[in-house]
**Student:** 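Questions regarding the structure given below will be posed in turn.
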There are 2 protein chains.
Amino acid sequence: MFADRGYEAVTLRAIAKEIGYTHAVIYQHFPDKWHILAELSSETIGLLIQNFDAIAAKHPAPKERLFATSRGLIQFCTAHPQQFRNVFFGPENRNGIRAGQYINDIGTPLFQRFVQLFFDVARDEGLPSRDDIVVAHTWWYTIFGLATLMVIQGVVPDLPDQNLVVEQTIATLWAGVQVVPRLPKRAVSKRPGRSSAAKQ
Amino acid sequence: MFADRGYEAVTLRAIAKEIGYTHAVIYQHFPDKWHILAELSSETIGLLIQNFDAIAAKHPAPKERLFATSRGLIQFCTAHPQQFRNVFFGPENRNGIRAGQYINDIGTPLFQRFVQLFFDVARDEGLPSRDDIVVAHTWWYTIFGLATLMVIQGVVPDLPDQNLVVEQTIATLWAGVQVVPRLPKRAVSKRPGRSSAAKQ
DNA sequence: TTGTTTTATCACCATTGGTTGCAAAAGCGC
DNA sequence: GCGCTTTTGCAACCAATGGTGATAAAACAA
């Protein structure tokens with residue numbers, strides 16, 4: 001129901017009616033509404049990890065594994081857009097924690113798997129990188145960010161064929177990491193402009 | 001107040017108290033709570049465009065303009081994280097429209113500016129691209145997605161220096177677009193796996 | 001049959017977004 | 001100043017929501 005109508009639109013009484021109970025009974029299983037979403041989010045991330053592992057298992061060559069899992073992540077997100085939104089961009093509990101953060105114990109392994117995968121690629125392909133961990137972040141952020149934008153509508157209008165953008169992104173990333181330019185050690189704050197570097 | 005505490009946490013009565021009125025008075029100026037956010041979002045996007053133009057004006061060389069506006073977008077987003085979230089990931093109105101979509105008339109110019117900028121870069125630098133518009137999307141999505149992940153906490157744990165990731169991303173993108181590999185025309189659906197290509 | 005624990009419900013609460021009718025106030029022509 | 005209209009603000013109210021006991025029914029154990 002959360003996936004169909006969104007978290008806010010689903011009322012506890014509606015859930016109760018769906019399962020043939022009164023809404024009060026739900027509080028014997030969950031401390032509050034938010035924890036229902038947290039439970040579901042945990043399952044979603046579990047599926048995401050399963051998906052990641054299944055794809056990785058099919059591709060022994062690291063480079064192909066990197067490509068396939070990157071595509072797989074995006075496919076998974078666009079296949080379950082509302083779940084993805086609920087997990088990472090959904091409501092916060094009274095402590096300002098989102099479900100994705102709350103179950104970070106589960107989410108972290110996914111990211112760590114990816115970092116390991118990228119290290120494998122760097123070794124196997126002899127990538128000329130020095131800061132592999134930063135480059136790994138770059139790749140991951142790019143893919144994850146792309147998945148996000150494809151799931152959340154209205155950020156960018158008139159997007160062409162999504163698959164094309166995904167492939168172009170991966171191809172561009174790959175071309176980029178093969179060169180992996182030395183960072184220019186640029187000083188952002190060199191210009192005496194007004195306040196920048198706000199860090200929230 | 002929305003920027004401080006978040007949309008849901010701010011009650012209309014709290015707003016009314018802040019301005020020294022009753023909450024009923026607000027409905028003489030806005031049809032509902034959501035439209036207050038829409039109005040503020042409109043201002044936010046206006047600032048974003050101003051910011052974009054100001055940065056662009058300072059950099060006559062297209063390549064530097066591309067770099068500077070890319071950094072500027074991310075800086076703006078991380079400097080106003082809650083506004084950014086409210087605009088693009090905030091609540092939907094009863095028609096399922098987010099503020100960012102609602103004021104798309106304002107948001108679209110920003111994207112179009114960027115596309116034009118990228119075309120300038122491609123011409124000026126003699127980029128070997130064929131599908132400039134797709135590559136432009138790629139760059140834009142990557143930067144925008146990166147900004148998103150830096151604003152929404154909890155998606156990726158243990159991020160290293162944010163500035164480093166930004167610079168690495170831009171450098172990688174730049175290295176990539178200078179090569180701009182021919183897309184492999186990969187057939188995602190070649191493998192007979194189960195349902196993919198879900199398009200929401 | 002007893003006593004105990006689980007399960008579900010009903011009635012209730014405070015708060016929220018939103019509406020309505022009415023009175024005070026502000027404008028305005030004179 | 002006076003009478004009239006329009007604007008502005010408010011108190012009271014509404015329905016719905018998340019959440020909370022007190023209590024009764026059911027299940028279980030002896």
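Chain A is the first sequence line, chain B the second, and so forth, proteins listed ahead of strands; every chain is numbered from 1.
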**Student:** Got a sec, which residues hit side chain to side chain donor-acceptor pair (under 3.5 Å) with B:D32, two or more places apart in sequence or on another chain?
**Tutor:**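 In terms of side chain to side chain donor-acceptor pair (under 3.5 Å), with neighbours along the sequence ignored, B:D32 is linked to B:H35, B:R94.
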**Student:** Once you build an axis from the first five pairs and another from the last five of the helix from C:dT1-D:dA30 to C:dC30-D:dG1, how far apart in angle are they, to 10 degrees?
**Tutor:** 0°
**Student:** Could you go over nucleotides 6-8 of chain C and give all protein N or O partners under 3.5 Å, atom names and distances?
**Tutor:**
| residue | atom | partner | partner atom | Å |
| --- | --- | --- | --- | --- |
| C:dA8 | OP1 | A:Y21 | OH | 3.2 |
| C:dA8 | N7 | A:Q28 | NE2 | 2.8 |

**Student:** Please give, in whole Å, the distance from C:dT9 C1' to A:K17 NZ?
**Tutor:**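 So the two atoms are 16 Å apart, to the nearest Å.
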**Student:** For residues 22-30 of chain B, run the donor-acceptor check on the side chains, cut-off 3.5 Å, and write out each pair with its distance to 0.1 Å, sequence neighbours left out.
**Tutor:**
none

**Student:** Are B:W34 and B:Y102 near enough that their ring centres are under 6.0 Å apart?
**Tutor:**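 Yes: the rings meet the under 6.0 Å criterion.
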**Student:** Heavy-atom distance under 4.5 Å between the side chains of A:T138 and B:L146, does that happen here?
**Tutor:** no
**Student:** Do the non-hydrogen side-chain atoms of A:F111 and A:H137 ever get within less than 4.5 Å of each other?
**Tutor:**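 Yes. Closest side-chain heavy atoms under 4.5 Å.
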**Student:** Do B:I36 and B:Y21 belong to the same hydrophobic cluster, where Ile, Leu, Val, Met, Phe, Trp and Tyr are linked whenever their side-chain heavy atoms lie under 4.5 Å apart, directly or via other members?
**Tutor:** no
**Student:** For B:R123, which residues count as a side chain to side chain donor-acceptor pair (under 3.5 Å) partner, sequence neighbours excluded?
**Tutor:** B:D120
**Student:** Can you find a heavy atom in the side chain of A:E167 that is under 4.5 Å from one in the side chain of A:R71?
**Tutor:**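 Contact flag for A:E167/A:R71 side chains = yes.
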**Student:** Between B:I26 (CD1) and C:dT20 (C1'), how many Å, whole number?
**Tutor:** 17 Å
**Student:** Can you see whether A:S70 engages A:W139 through a side-chain donor-acceptor pair at a distance of less than 3.5 angstrom?
**Tutor:**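 Yes, A:W139 and A:S70 have a side-chain donor paired with an acceptor closer than 3.5 Å.
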**Student:** For B:I103 and B:A38, work out which heavy atoms get closest and say how close.
**Tutor:** CG2-O, 4.3 Å
**Student:** Can you tabulate the close N/O pairs, meaning under 3.5 Å, that link protein atoms to atoms of nucleotides 18-21 of chain D?
**Tutor:**
| residue | atom | partner | partner atom | Å |
| --- | --- | --- | --- | --- |
| D:dG18 | OP1 | A:K33 | NZ | 2.9 |
| D:dG18 | OP2 | A:T11 | OG1 | 2.9 |
| D:dG18 | OP2 | A:L12 | N | 3.0 |
| D:dG18 | N7 | A:R13 | NH1 | 2.9 |
| D:dG18 | O6 | A:R13 | NH2 | 3.3 |
| D:dG19 | OP2 | A:Y27 | OH | 2.8 |
| D:dG19 | OP2 | A:K33 | N | 3.0 |
| D:dG19 | O5' | A:Y27 | OH | 3.3 |
| D:dG19 | N7 | A:H23 | NE2 | 3.3 |
| D:dG19 | O6 | A:R13 | NH2 | 3.3 |
| D:dG19 | O6 | A:H23 | NE2 | 3.0 |

